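Within every chain, numbering begins at 1; the chains are lettered A, B, ... in the order of the sequence lines, protein sequences first and strands thereafter. As the structure is a prediction and not an experimental result, all values here were calculated from the model.
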There are 2 protein chains.
Amino acid sequence: MILSRTTEYALSVLAFMATRNQKMYAAELLHQELKIPRQYLRRLLTDLSKKGFIISTRGRSGGFVFARDMSTINIAQIIDALEGADAMNTCLLGFTACIAGHPCAMHDLWAESRSKVIETLTKTTLGDLSEKYRKDIVTGCL
Amino acid sequence: MILSRTTEYALSVLAFMATRNQKMYAAELLHQELKIPRQYLRRLLTDLSKKGFIISTRGRSGGFVFARDMSTINIAQIIDALEGADAMNTCLLGFTACIAGHPCAMHDLWAESRSKVIETLTKTTLGDLSEKYRKDIVTGCL
DNA sequence: ATAAATTGCTACCTTTTTGTAGTAATTAAT
DNA sequence: ATTAATTACTACAAAAAGGTAGCAATTTAT
Ligand code: FES
Ligand code: FES
């Protein structure tokens with residue numbers, strides 16, 4: 001399962017904004033480009049602005065802009081903001097705590113894989129995605 | 001989020017059965033040991049037996065036994081059976097397909113991390129967990 | 001001023017996931 | 001045979017996630 005649909009939406013939106021070289025994005029545009037349900041997306045965008053990733057401006061010609069430089073926003077931060085700080089630090093076998101001092105039978109192997117994933121997500125910023133897009137490395141839907 | 005609660009329950013149950021050296025396990029025992037809601041667990045156990053991981057026997061002194069040798073059941077198989085075959089092969093940005101020929105901006109990095117996780121989960125069997133437990137490497141709840 | 005284009009908010013609806021209750025079927029012990 | 005211990009099944013309830021609708025507030029263009 002990995003991520004909730006809402007989190008995927010958030011990543012999708014922010015990655016889209018990062019790769020297109022446009023200052024402001026209206027919800028309606030994002031809705032049309034990314035096919036995320038209109039009203040649900042509106043709520044998500046408000047949420048993302050409350051969480052400090054983007055800034056909203058109301059009124060005609062309003063929309064959403066990044067709140068800080070894209071290179072300071074990494075993927076792990078976005079996931080954490082939407083799924084809760086340590087949604088990734090859970091025990092694979094579903095025990096309440098996943099701590100090295102009290103490991104389940106999967107702990108060592110799992111903790112290692114997991115930390116690699118987190119490392120990758122942490123070192124990748126929206127700025128990196130932007131660069132990739134400009135270098136035409138990406139041919140997909142985004 | 002990573003796994004649904006139900007999948008965690010399944011892993012927890014099967015890992016428990018693998019580590020204790022007992023032939024048959026009644027639902028009631030598993031419920032008490034693992035604190036999984038009684039009726040929900042019952043349904044899950046029936047499901048796991050339909051999926052070929054365990055075999056159920058009804059009646060007095062009935063319960064659940066492994067359907068095949070523990071060393072032939074790996075963690076990835078269990079996850080796949082509960083979450084759907086390629087729940088792990090999704091695009092991190094939520095696009096419908098995640099295929100190398102049509103990559104999104106996250107694809108390369110993500111695909112690499114992901115395949116390492118899958119490799120770990122695939123090469124770890126319930127037999128491995130059992131051994132670990134017997135070597136007292138595990139001190140946790142399991 | 002007025003209208004148009006936008007976000008903010010609230011209330012509701014639908015679907016999926018998780019959890020509960022009760023009854024039927026099966027087996028073993030007595 | 002009867003009872004006790006177990007799984008199987010069905011239907012429902014509660015909670016969480018995802019989605020919809022409509023109106024209020026704000027800003028810009030005219
Ligand atoms: S305790 Fe289970 S993965 Fe860490
Ligand atoms: S296409 Fe997005 S991760 Fe593969």
Side-chain angles (χ1 to χ4, degrees), chain A residues 1-14 17 22-67 79 81-84 87 90 94 96, chain B residues 1-14 17 22-67 79 81-84 87 90 94 96:
Chain A
M1 171 176 288
I2 303 182
L3 295 180
S4 72
R5 187 176 305 200
T6 303
T7 304
E8 287 179 349
Y9 285 165
L11 289 174
S12 179
V13 164
L14 294 175
M17 288 176 63
Q22 194 172 328
K23 192 166 169 60
M24 183 157 311
Y25 298 84
E28 186 59 23
L29 169 74
L30 296 169
H31 159 66
Q32 279 167 17
E33 294 283 348
L34 299 170
K35 316 295 181 202
I36 300 171
R38 189 179 276 114
Q39 291 299 95
Y40 200 66
L41 171 62
R42 300 268 303 273
R43 228 199 283 172
L44 175 60
L45 288 166
T46 304
D47 190 40
L48 289 174
S49 77
K50 280 180 180 159
K51 283 174 173 153
F53 295 110
I54 51 182
I55 289 173
S56 70
T57 25
R58 288 180 159 195
R60 192 159 178 161
S61 82
F64 300 87
V65 197
F66 278 113
I79 294 176
L82 278 121
E83 311 240 322
T90 56
T96 45
Chain B
M1 170 176 287
I2 300 180
L3 295 179
S4 73
R5 186 175 304 200
T6 304
T7 304
E8 287 179 350
Y9 286 163
L11 290 174
S12 179
V13 165
L14 295 175
M17 289 176 62
Q22 194 172 328
K23 194 168 168 61
M24 184 155 313
Y25 298 83
E28 186 60 21
L29 169 73
L30 296 170
H31 159 66
Q32 277 165 17
E33 294 283 347
L34 300 170
K35 316 295 180 202
I36 300 170
R38 188 180 275 112
Q39 292 299 94
Y40 199 66
L41 171 62
R42 303 270 302 271
R43 224 197 287 170
L44 175 59
L45 288 166
T46 304
D47 189 40
L48 288 175
S49 79
K50 282 184 179 157
K51 283 176 173 151
F53 294 110
I54 52 182
I55 288 172
S56 70
T57 25
R58 287 180 160 196
R60 192 160 180 159
S61 83
F64 300 88
V65 197
F66 278 113
I79 294 176
L82 278 122
E83 311 240 322
T90 55
T96 45

| message | Does B:Arg38 contact C:dG19 through a side-chain donor or acceptor facing the base, at a distance under 3.5 Å? | response | no
- Item | Side chain A:Arg43 and base D:dT20 donor-acceptor under 3.5 Å | yes
Minimum heavy-atom distance [X]-[Y], with the two atoms named:
| X | Y | answer |
| --- | --- | --- |
| B:Leu44 | B:Ala10 | CD2-N, 3.7 Å |
| A:Tyr9 | A:Pro37 | OH-CD, 3.6 Å |
| A:Ile2 | B:Ala87 | CD1-O, 4.4 Å |
| B:Ala67 | B:Gly52 | CB-O, 3.4 Å |

Hey, does B:Thr6 have a side-chain heavy atom less than 4.5 Å from the side chain of B:Leu82?
yes
Margin query: Are A:Ile54 and A:Leu45 packed together at the side-chain level, in the sense that at least one heavy-atom pair is separated by less than 4.5 angstrom?
Written below: yes
In short, salt bridge (Lys or Arg N to Asp or Glu O under 4.0 Å) pairs touching residues 37-48 of chain A with sequence neighbours left out are A:Glu28-A:Arg38, A:Asp47-A:Lys51
What's the [atom1]-[atom2] distance between [X] and [N], to the nearest Å?
| X | N | atom1 | atom2 | answer |
| --- | --- | --- | --- | --- |
| A:Leu41 | D:dA21 | CG | P | 15 Å |
| A:Ile54 | C:dG8 | CD1 | C1' | 13 Å |
| A:Leu44 | C:dG8 | CG | P | 12 Å |
| B:Phe64 | D:dT6 | CZ | P | 11 Å |
| B:His31 | D:dT7 | NE2 | C1' | 16 Å |
| A:Glu8 | D:dA17 | CD | P | 15 Å |
| B:Tyr40 | D:dC9 | OH | C1' | 16 Å |
| B:Leu82 | C:dT18 | CG | C1' | 14 Å |

Taking B:Glu83 for its side chain and B:Ser4 for its backbone only, find out whether a donor-acceptor pair lies under 3.5 Å. yes
Practice item. Report yes or no: does B:Tyr25 contribute a side-chain atom to a donor-acceptor pair with the main-chain N or O of B:Met17 at less than 3.5 Å? Key: yes
Residues of residues 45-53 of chain A with a heavy atom under 4.0 Å from any atom of DNA chain C, listed by number, are A:Thr46, A:Lys50
Quick tally for nucleotides 22-30 of chain C: nucleotides whose base has a protein heavy atom under 4.0 Å get B, sugar-phosphate-only ones S, the rest -, giving B--BBBBS-
Of the options [options], whose atoms approach the side-chain atoms of [X] most closely?
| X | options | value |
| --- | --- | --- |
| A:Arg5 | D:dG18, D:dT7, C:dG19 | D:dG18 |
| B:Thr6 | D:dT20, C:dT18, D:dG18 | C:dT18 |
| A:Tyr9 | C:dT7, C:dT20, D:dG19 | D:dG19 |

